[in-house]
Protein chains: 2
Amino acid sequence: MKIKSKLRKSLNKIVCGDCLDVLRGLPDNCINLIVTSPPYADSRKEDYGGVHPDEYAEWLLPRMAECFRVLKPTGTLVLNIKEKVVNGERHTYVIDLISGMRDQGWLWTEEFIWHKKNSFPGKWPNRLRDAWERCLQFNKMKKFRMYQDAVKVPIGKWAETRLKNMSEDDNKRISSKSKSGFGRKVSNWIGKRKVYPTNVLHLATECAYRNHSATFPINLPKWFIKLFTKKGDIVLDPFMGSGTTVVASMQISRQYIGIDINKRVFRIAKNNINSSRKSDRKNGN
Amino acid sequence: MKIKSKLRKSLNKIVCGDCLDVLRGLPDNCINLIVTSPPYADSRKEDYGGVHPDEYAEWLLPRMAECFRVLKPTGTLVLNIKEKVVNGERHTYVIDLISGMRDQGWLWTEEFIWHKKNSFPGKWPNRLRDAWERCLQFNKMKKFRMYQDAVKVPIGKWAETRLKNMSEDDNKRISSKSKSGFGRKVSNWIGKRKVYPTNVLHLATECAYRNHSATFPINLPKWFIKLFTKKGDIVLDPFMGSGTTVVASMQISRQYIGIDINKRVFRIAKNNINSSRKSDRKNGN
DNA sequence: GTTCCGCATGAATCGATAG
DNA sequence: ACTATCGATTCATGCGGAA
């Protein structure tokens, strides 16, 4: 049981280091879900040094190989990514990445679209505003775990804003103010017909209280965690950033492992996780 | 003037045949915009004989080469396409196509998302409902014609309240605290009624012409025609289907060339175009 | 206890200018 | 010529305090 203890030692912890090295310390086939948003090519230079678009796939691929090894056969990997414009053209590093990962044995199962409702403003002579990002789904096998019922949404006009309205945060915010208000809200939903959502997610980028330069609304990882894991399962984020995926996992009772190479960002993640833990306790969880 | 007459003879006509052959009869650099939805791999078997996904890019590429030749240097190609699921996995023929077209000299300028608001209902064991398609934009040069003002949309209702009460800071330029380089000057928006859209299109799949097996709402090609051409410009659809792109072109006073290989579908297109012409005349155009 | 309203924020991109 | 830095451009959202 050496392997099991090795895993147990890493569980519900965050680690500062290159995920390429850190992941080597994990046993094979132990993770249920990997949700991550790797630093985009050439961006976040301050925090990550900025990998050039031409070398991006090459840089990310060995890390994806380690992810493949640690993921359970029925597990899932979700990669939030978008190619940037280089020289007036969309760069090919994302499609190069897909090709390279398929060579590693990954199945490119699905591509979700995150529609960013409040995208960056701006006007350019030959380009409109960019309002979407890819969430690439990869698997090791055709048959993977998926819990569609966990992400059902009320029928009707709410379908457009399903994630916003379904978020745990909303529940929590209401409950912290008044228990009765919370109960009433829930009762509104009871009895409503629910339908399965689509592969297009409508979410705004969060803009308040972010010390980290990347926007990654907590409802995005949370939605995928609900869709691909059940309570107690293990969620990994090898590019944790400010810890959004980890906090999402905690809030819905999944176990987690978080990794990030940058010390400044790591401290922010630690703070976010600690304050999330505190507010959890306050609410009696 | 031999070339010009060759073009003039083809203008505002539709042709039944393989676009690979038909396009050879057109001169170089004469088309302003190509908007098309090529037959999907392995589907529409009845109409097109069904190209297998593994051979799809190979089949489409020589036709894209002819498109490259006939397109003006400042022109644009828009390809509405989506990879299908083969063996539980998204097939790679679209990214193979992008690679192959870049080898031909195409620039992969942008990728628009068509969000299908009323996607087909249903439930599959390992998959949610598919509610989006790609609209790939390709160009021959970095500088192409684009008329963003033609597709402006009404400003959001946030503006009504926000712009009434201006703080002092709103009148000067405030730069964002993060290193993004972004700033804001709220007073810029006073009096503005319309804003530029994003690269995400929300359109329902209203299929006017039910005899054709592909759904392609007329507002999709029409939007791209407005964005990339002006009145009198020439629009080509080498996979015309039931003629949606052609009808859209007629409705907003662009010239057209439509091609389709399938005789049955071709007759439907002819009918659609004729009745569109009639209703045009009735309206005094 | 709810709604209203002010306001800071964001994985951007291009062209010009400087080294 | 080629690369690095800099300034200009512009929406919609959700938090938190106020009514």
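All heavy atoms count here, side chains included; hydrogens, waters and symmetry mates do not. So you know, we letter chains A, B, ... as the sequences are listed, proteins then strands, and number each from 1.
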(message) Give me the atom names and distance for the closest heavy-atom approach of B:Val35 to B:Ile225.
(response)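 In this case the closest contact between B:Val35 and B:Ile225 is CG2-CG1, 4.3 Å.
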Nucleotide nearest [X] when distance is taken to its side chain, options [options]:
X        : options                : result
A:Val85  : C:dT13, C:dG10, D:dA12 : C:dT13
A:Lys117 : C:dT13, D:dG14, C:dG10 : D:dG14
A:Arg129 : D:dC11, C:dA12, D:dG14 : D:dC11
A:Trp124 : C:dA12, D:dA12, D:dG14 : C:dA12
B:Lys143 : C:dT13, C:dG15, D:dA12 : C:dG15
B:Val195 : C:dC14, D:dA12, C:dT13 : D:dA12

What is the distance, to the nearest angstrom, from the [atom1] atom on [X] to the [atom2] atom on [N]?
X        : N      : atom1 : atom2 : value
A:Glu133 : C:dG10 : CD    : P     : 14 Å
A:His202 : D:dC11 : NE2   : P     : 21 Å
B:Glu111 : C:dA12 : CD    : P     : 18 Å
A:Leu203 : D:dG14 : CG    : P     : 9 Å
A:Leu128 : C:dC14 : CG    : C1'   : 14 Å
A:Asn118 : D:dC11 : CG    : P     : 14 Å
A:Leu220 : C:dG10 : CG    : C1'   : 15 Å
A:Lys82  : C:dA12 : NZ    : P     : 11 Å

Salt bridge check, [Y] against [X]: does any charged N sit closer than 4.0 Å to a carboxylate O?
X        : Y       : result
A:Glu66  : A:Arg69 : yes
B:Glu111 : A:Arg90 : no
B:Lys142 : A:Glu89 : no
A:Asp18  : A:Arg63 : yes
B:Asp130 : B:Lys82 : yes

(request) Enumerate, in order of first residue number, the stems that involve DNA chain D, defined as 3 or more consecutive Watson-Crick or G-U wobble pairs with both distances under 3.5 Å. (result)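 Listed by first number, the stems are C:2-10 with D:11-19, C:12-19 with D:2-9.
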(message) At 4.0 Å (heavy atoms only), tell me whether B:Thr198 reaches a base, stays on the sugar-phosphate, or touches nothing.
(response)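 Nothing: the residue B:Thr198, judged by heavy atoms under 4.0 Å, touches no strand.
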(message) Quick test of your reading: applying ring-ring contact (aromatic ring centres under 6.0 Å, His included), list the pairs with at least one residue in residues 75-100 of chain A, sequence neighbours left out, ordered by first then second residue.
(response)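 Checked against ring-ring contact (aromatic ring centres under 6.0 Å, His included) - neighbours excluded - the pairs reaching residues 75-100 of chain A are A:Tyr56-A:Tyr93, A:His91-A:Tyr93.
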(message) Tell me whether the rings of A:Phe224 and A:Phe112 are parallel (<30°), tilted (30 to 60°) or perpendicular (>60°).
(response)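 Judged by the thresholds at 30° and 60°, the geometry between A:Phe224 and A:Phe112 is perpendicular.
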(request) Tell me which of A:Ser119 and A:Asn87 sits closer to the 5' end of DNA chain C, going by the nucleotide each one is nearest to. (result)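 The residue mapped nearer the 5' terminus is A:Ser119.
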(message) Is A:Arg127 close enough to C:dG15 that one of its side-chain N or O atoms is under 4.0 Å from OP1 or OP2 there?
(response)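 So the side-chain polar atoms of A:Arg127 never come under 4.0 Å of the phosphate oxygens OP1 or OP2 of C:dG15.
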(message) For C:dG15 and A:Lys123 - does any side-chain N or O of the residue sit under 4.0 Å from the phosphate oxygens OP1/OP2?
(response)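 Indeed not, no polar side-chain atom of A:Lys123 lies that close.
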